[in-house]
2 protein chains.
Amino acid sequence: MELKKVEKISKALADPNRLQILKSLHKKQACLYCSDINELIDLTQPSISHHLKQLTEAELIIAEKEGRNVKYTMNNKMIDQYVSFLLALKV
Amino acid sequence: MELKKVEKISKALADPNRLQILKSLHKKQACLYCSDINELIDLTQPSISHHLKQLTEAELIIAEKEGRNVKYTMNNKMIDQYVSFLLALKV
DNA sequence: TAGATGTATTGAAATGTTTCGATATGTTCT
DNA sequence: AGAACATATCGAAACATTTCAATACATCTA
């Protein structure tokens, strides 16, 4: 995995609200919609949209349009790749 | 692992220079001194000191004073803990 | 097609991070 | 003790991120 990509993923993970979103996504064991997240986190809609974009661009989550909603699901594969990079750092 | 800690580690990993330091530490399969890092990375001494502090405070590396030098070693344990948190996010 | 609903974008203020020069601190050597 | 060396801290400039109000865009429903 490219260092540039590792940096992007790390940045995406370096925010309490985004970590909260990921934890919720895990807890639900399923997908989430923007509106769900609005209820979980005390931020305005544009801020949440911004955070979801960061996570999506890092490919930690996958966004799928469903009518006028967007469905988000965890991208397990990307987590595995990131984890592999980290484990390879060990001495 | 606390979310606050995850955030701190992620932040420490979210910088190209710090990733470079970690990769070098791995490549050497041993420890590094500040002066080694000065040769690897094109930054001034205060900047490198700042980055090493971030990594040390995140406990990704361990700093040990050796006379007037400081020896840095990878903290494999912390990487494992961080990785465990990430894997637990998967759905 | 018009209004309602869900999400994205824009622009700007507030806040946080990175970087450096200058300088301080601590350690070794003579 | 004093010079030389290694690392840390301070203060400020440059840069990046977070947040929100306002507004745009896209889709559904009546």
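Naming convention: chains lettered A, B, ... in sequence-line order (proteins, then strands); numbering from 1 in each chain.
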Proximity to DNA chain C (any heavy atom under 4.0 Å), residues of residues 36-43 of chain B only: B:L43
Strand-adjacent residues in residues 47-58 of chain B, judged by heavy atoms under 4.0 Å from DNA chain C: B:S47, B:H50, B:H51, B:Q54
Nearest-Å distance, [atom1] ([X]) to [atom2] ([N])?
X     : N      : atom1 : atom2 : value
A:Y33 : D:dT27 : OH    : P     : 16 Å
A:E64 : D:dT27 : CD    : C1'   : 17 Å
B:Y72 : D:dA6  : OH    : P     : 14 Å
B:K71 : D:dA6  : NZ    : P     : 18 Å
A:E66 : D:dA26 : CD    : P     : 19 Å
A:L32 : C:dT7  : CG    : C1'   : 15 Å
A:D15 : C:dG16 : CG    : P     : 12 Å

Give a yes or no answer on whether the side chain of [X] reaches the backbone of [Y] with a donor-acceptor pair at less than 3.5 Å.
X     : Y     : result
A:S24 : A:Q20 : yes
A:S10 : A:V6  : yes
A:H51 : A:N17 : no

Cationic N near anionic O, under 4.0 Å, B:D15 to A:K11: no
Contact under 4.0 Å: A:N69 side-chain N or O vs D:dT27 OP1/OP2: no
Below 4.0 Å: OP1/OP2 of D:dT29 and any side-chain N or O of A:R68: no
Nucleotide nearest B:V70 when distance is taken to its side chain, options D:dT17, D:dA8, D:dT19: D:dA8
B:Y33 and B:E66 side chains, donor-acceptor separation under 3.5 Å: yes
Single hit among A:K53, A:K77, A:K5, A:K8 for salt bridge (Lys or Arg N to Asp or Glu O under 4.0 Å) with A:E59: A:K5
Presence of donor-acceptor pair under 3.5 Å, side chain of B:Q45 and base of D:dA6: no
Minimum side-chain heavy-atom gap A:I48-A:L52 below 4.5 Å: yes
Side-chain heavy atoms of A:R18 within contact of A:K23, under 4.5 Å: no
Heavy-atom pair with the smallest gap, counting every atom of B:A58 and B:I9: O-CG1, 3.7 Å
